[in-house]
Asks: 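Shown below is the structure under consideration.
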Amino acid sequence: MAGEFISNEEDDEKRSRSSAFCWWRTVKEFQDLVKPDLDHALLNLTPILRLLRELERLALVADQGLDELRHKLITYRSGDFWLPAGGISKADMDVPPVITILLVGLSGSGKSSLVNLMYSVLGRSGLIPFAQTSRGSSNYTTMFLEEHNVLRSMRSGFCVYDSRGVDLNRMREGLEEISSWMSDGVRHYQPCSRTEDNAATIPQIGCQLSSARFTPRPVNCAVLVVNLAETAGAFKKGDLKPVQAIRDLFRCPAIRKSNENPLLILTHGDLLSAEERIDGRLKLCEYLGVPEGTGAYDIPCLTEQGILPEESDPVTSYALTEAIYRVLIQSDRTHLPTRKPQDWLLIVWSSIMCSIAAFFASLAFFFSKFGPKKIH
């Protein structure tokens with residue numbers, strides 16, 4: 001009897017602990033979600049009710065599922081989530097030794113804060129900041145690509161790259177830079193110089209030589225980080241320039257692997273009220289054409305006290321862990337078959353034939369200028 005009483009007390013404590021972080025339960029639409037006669041109308045749920053159901057799912061599985069999902073990430077090795085397709089075995093696939101995840105977004109979107117949260121939740125690092133953020137300094141911006149082993153493990157099967165934010169007024173240059181990272185790969189400590197940088201902030205030659213010594217990594221998946229507080233404010237003011245910039249990043253062909261949409265991670269939502277937080281997410285997901293529930297994760301990187309929530313917020317911790325889990329599943333679906341000698345011969349032969357065709361085409365064009373002209 002005493003053991004049962006203690007067990008009930010522990011369960012009640014866990015439920016109250018989780019409910020303390022369920023900020024969405026204060027909106028009036030949440031009462032419609034818990035109505036007993038809702039089951040017959042599940043197919044006709046409004047977007048806000050579908051979003052509330054997804055948030056409730058995260059809260060329901062957070063306490064029990066966090067350790068299990070985190071264990072999967074700790075024991076993950078590149079290619080573990082690959083599934084057979086097309087009659088090709090895993091041994092014939094070109095699987096990199098480490099999966100590389102690239103964080104992209106506008107300046108101040110919270111990429112570095114998200115990296116620090118990953119260290120806290122996945123690497124059990126506490127409140128130690130591993131990436132410098134711009135929150136403490138308005139003039140600071142990431143000047144190098146930085147590789148982060150967020151599990152703090154020598155056997156980690158994935159790494160996360162923090163990148164420089166895209167300037168809202170120089171979207172073309174930012175998109176070209178992201179496209180080059182996706183096609184050419186990334187290196188730790190790789191400079192991110194742009195035309196607007198002054199001489200004092202441009203990385204020196206010594207830094208570039210140091211970057212060349214690190215292993216280049218192909219980018220397997222890109223994650224789009226969005227500042228939800230700023231985006232909700234833009235919708236409220238009717239200033240859609242920041243939202244259009246987010247859409248340009250989201251639709252960038254280079255970051256769409258296997259024709260799949262990049263995963264959205266919404267940060268700084270804790271700066272908004274519950275109603276503004278819900279409304280901003282719904283409007284952004286509708287604008288981008290993604291599901292309001294499964295297409296994005298709301299992950300506040302800082303609490304109201306300005307510290308990382310770590311494991312004190314099980315819902316945020318689980319949402320972050322599940323987001324990385326989904327990214328790794330998506331990454332393992334993008335591996336291509338290893339090229340065999342006959343494939344390289346075919347590529348060389350095709351290049352030679354194209355060169356010959358281009359040569360004869362130029363000759364035909366050249367001699368057509370000296371041919372007999374038709375007299376009218």
Asks: Are a donor atom and an acceptor atom from the side chains of E176 and S179 found within less than 3.5 Å of each other?
Replies: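 Looking only at side-chain atoms, S179 and E176 do not form any donor-acceptor pair under 3.5 Å.
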Asks: So F81 and Y325, ring pair (Phe, Tyr, Trp, His ring centres under 6.0 Å) or not? Walk me through it.
Replies: CA-CA 10 Å; F81 299 149; Y325 179 73; 5.2 Å; yes
Asks: Using a 4.5 Å cut-off on heavy atoms from C-beta on, say whether the side chain of E54 contacts that of R50.
Replies: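 Counting from C-beta outward, R50 and E54 never come under 4.5 Å.
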Asks: Grouping I, L, V, M, F, W and Y whenever their side-chain heavy atoms are under 4.5 Å apart, do Y76 and V223 come out in a common cluster?
Replies: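 Cluster IDs for Y76 and V223 match.
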Asks: If you apply the rule side-chain contact (heavy atoms from CB on, under 4.5 Å), what do you find for L114 with M118, and how did you get there?
Replies: CA-CA 6 Å; L114 184 64; M118 290 180 189; 3.9 Å; yes
Asks: If you group Ile, Leu, Val, Met, Phe, Trp and Tyr whenever their side-chain heavy atoms sit less than 4.5 Å apart, what else falls in with W82?
Replies: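 Via sub-4.5 Å side-chain contacts, W82 links to I88, M93, V95.
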Asks: How close do K111 and R164 get, heavy atom to heavy atom, and via which atoms?
Replies: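 Shortest heavy-atom contact: CE-C, 4.2 Å.
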Asks: What are the two closest non-hydrogen atoms of P242 and A234, and how far apart are they?
Replies: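 Taking P242 first and A234 second, the nearest heavy atoms are CG-CB, 4.1 Å.
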Asks: To check you understand the geometry: which heavy-atom pair defines the closest contact between S109 and V225, and what is its length?
Replies: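 The pair with the smallest heavy-atom distance is CB-O, 3.3 Å.
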Asks: Should D248 and I246 be marked as a side-chain contact (heavy atoms from CB on, under 4.5 Å) after you check the CA-CA gap, both sets of side-chain angles, and the distance that decides it?
Replies: CA-CA 5 Å; D248 291 341; I246 294 172; over 6 Å; no
Asks: Among all residues two or more places apart in sequence or in another chain, which pass the side-chain hydrogen bond (donor to acceptor under 3.5 Å, both in side chains) test with W181?
Replies: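 Partners of W181 under the side-chain hydrogen bond (donor to acceptor under 3.5 Å, both in side chains) test: none.
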Asks: Can you check whether C192 reaches F144 side chain to side chain, under 4.5 Å on heavy atoms?
Replies: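 Not in contact.
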Asks: If you define the side chain from C-beta out and look only at heavy atoms, does anything of V243 sit under 4.5 Å from T231?
Replies: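 Yes, their side chains come closer than 4.5 Å.
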Asks: With a 4.5 Å limit on heavy-atom distance, are the side chains of L263 and L224 in contact?
Replies: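 No, side chains not in contact.
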Asks: Report yes if the side chains of D298 and T267 come closer than 4.5 Å at any heavy-atom pair, otherwise no.
Replies: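 Of all side-chain heavy-atom pairs linking T267 with D298, none is under 4.5 Å.
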Asks: Could you grab the distance from atom OG1 of T215 to atom CD of E147, nearest 0.5 Å is fine?
Replies: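 The OG1 atom of T215 sits 8.0 Å away from the CD atom of E147.
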Asks: Ignoring hydrogens and angles, state whether a donor on the side chain of N116 or S113 is under 3.5 Å from an acceptor on the partner side chain.
Replies: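 N116 vs S113: no donor-acceptor pair found between side chains.
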Asks: Tell me the closest heavy-atom pair linking V98 and S156, and the distance in Å.
Replies: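 The pair with the smallest heavy-atom distance is CG2-O, 4.3 Å.
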Asks: Grab the two heavy atoms, one from G108 and one from N227, that are nearest each other, plus how far apart they are.
Replies: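 It is O-ND2, 3.2 Å.
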Asks: Have Y161 and H148 got a donor and an acceptor in their side chains that come within less than 3.5 Å?
Replies: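 No, because no side-chain N or O of Y161 sits under 3.5 Å from a partner of the opposite role on H148.
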Asks: Take W23 and V315 through the test side-chain contact (heavy atoms from CB on, under 4.5 Å) and record every step on the way to the result.
Replies: CA-CA 10 Å; W23 51 268; V315 180; over 6 Å; no
Asks: Mind checking whether V290 and L58 sit in one hydrophobic cluster, side chains of I, L, V, M, F, W, Y counted as touching below 4.5 Å?
Replies: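 No; tracing contacts between hydrophobic side chains, which count when under 4.5 Å, never links both residues.
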Asks: For the pair D67 and R70, find out whether any cationic side-chain nitrogen is under 4.0 Å from an anionic carboxylate oxygen.
Replies: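 Salt bridge: yes.
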Asks: Show, in sequence, the C-alpha distance, side-chain angles and deciding distance for D63 and Y318, and conclude whether the side-chain contact (heavy atoms from CB on, under 4.5 Å) test is met.
Replies: CA-CA 8 Å; D63 280 319; Y318 182 82; over 6 Å; no
Asks: Report yes if some heavy atom in the side chain of R277 is under 4.5 Å from a heavy atom in the side chain of P300; otherwise report no.
Replies: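 Sidechains of P300 and R277: in contact.
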Asks: Rounded to the nearest 0.5 Å, what's the gap from CG on L284 to CG on L264? Could you check?
Replies: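 Result: 6.0 Å between the selected atoms.
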Asks: Please tell me if the side chains of I299 and L117 come closer than 4.5 Å, counting only heavy atoms from C-beta onward.
Replies: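 In short, these two side chains touch, coming nearer than 4.5 Å.
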Asks: What is the minimum heavy-atom distance between D332 and G79, and which atoms define it?
Replies: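 In this case the closest contact between D332 and G79 is OD1-N, 3.2 Å.
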Asks: Does NZ belonging to K90 count more than 12 external heavy atoms closer than 6.0 Å?
Replies: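 Yes - once you tally the heavy atoms of other residues, nucleotides and ligands closer than 6.0 Å, there are more than 12.
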Asks: Taking only Lys NZ, Arg NE, NH1 and NH2, and the carboxylate oxygens of Asp or Glu, determine whether R25 and E56 approach each other closer than 4.0 Å.
Replies: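 So R25 pairs with E56 through a salt bridge.
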Asks: Between E322 and R57, does at least one N-O distance fall below 4.0 Å, as a salt bridge requires?
Replies: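 Yes, charged N to carboxylate O under 4.0 Å.
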Asks: Using a 4.5 Å cut-off on heavy atoms from C-beta on, say whether the side chain of F235 contacts that of L240.
Replies: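 Yes; the side chains approach each other to less than 4.5 Å.
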Asks: Counting only heavy atoms not in E286, do more than 12 fall under 6.0 Å of its CD?
Replies: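 Open.
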Asks: Please enumerate all residues that pass side-chain hydrogen bond (donor to acceptor under 3.5 Å, both in side chains) together with E230, with sequence neighbours excluded.
Replies: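 Once residues adjacent in sequence are excluded, E230 has no partner under the side-chain hydrogen bond (donor to acceptor under 3.5 Å, both in side chains) criterion.
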Asks: So, taking the atom named CG in L73 and the one named CG in L328, what distance separates them when rounded to the nearest 0.5 Å?
Replies: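 That separation rounds to 6.0 Å.
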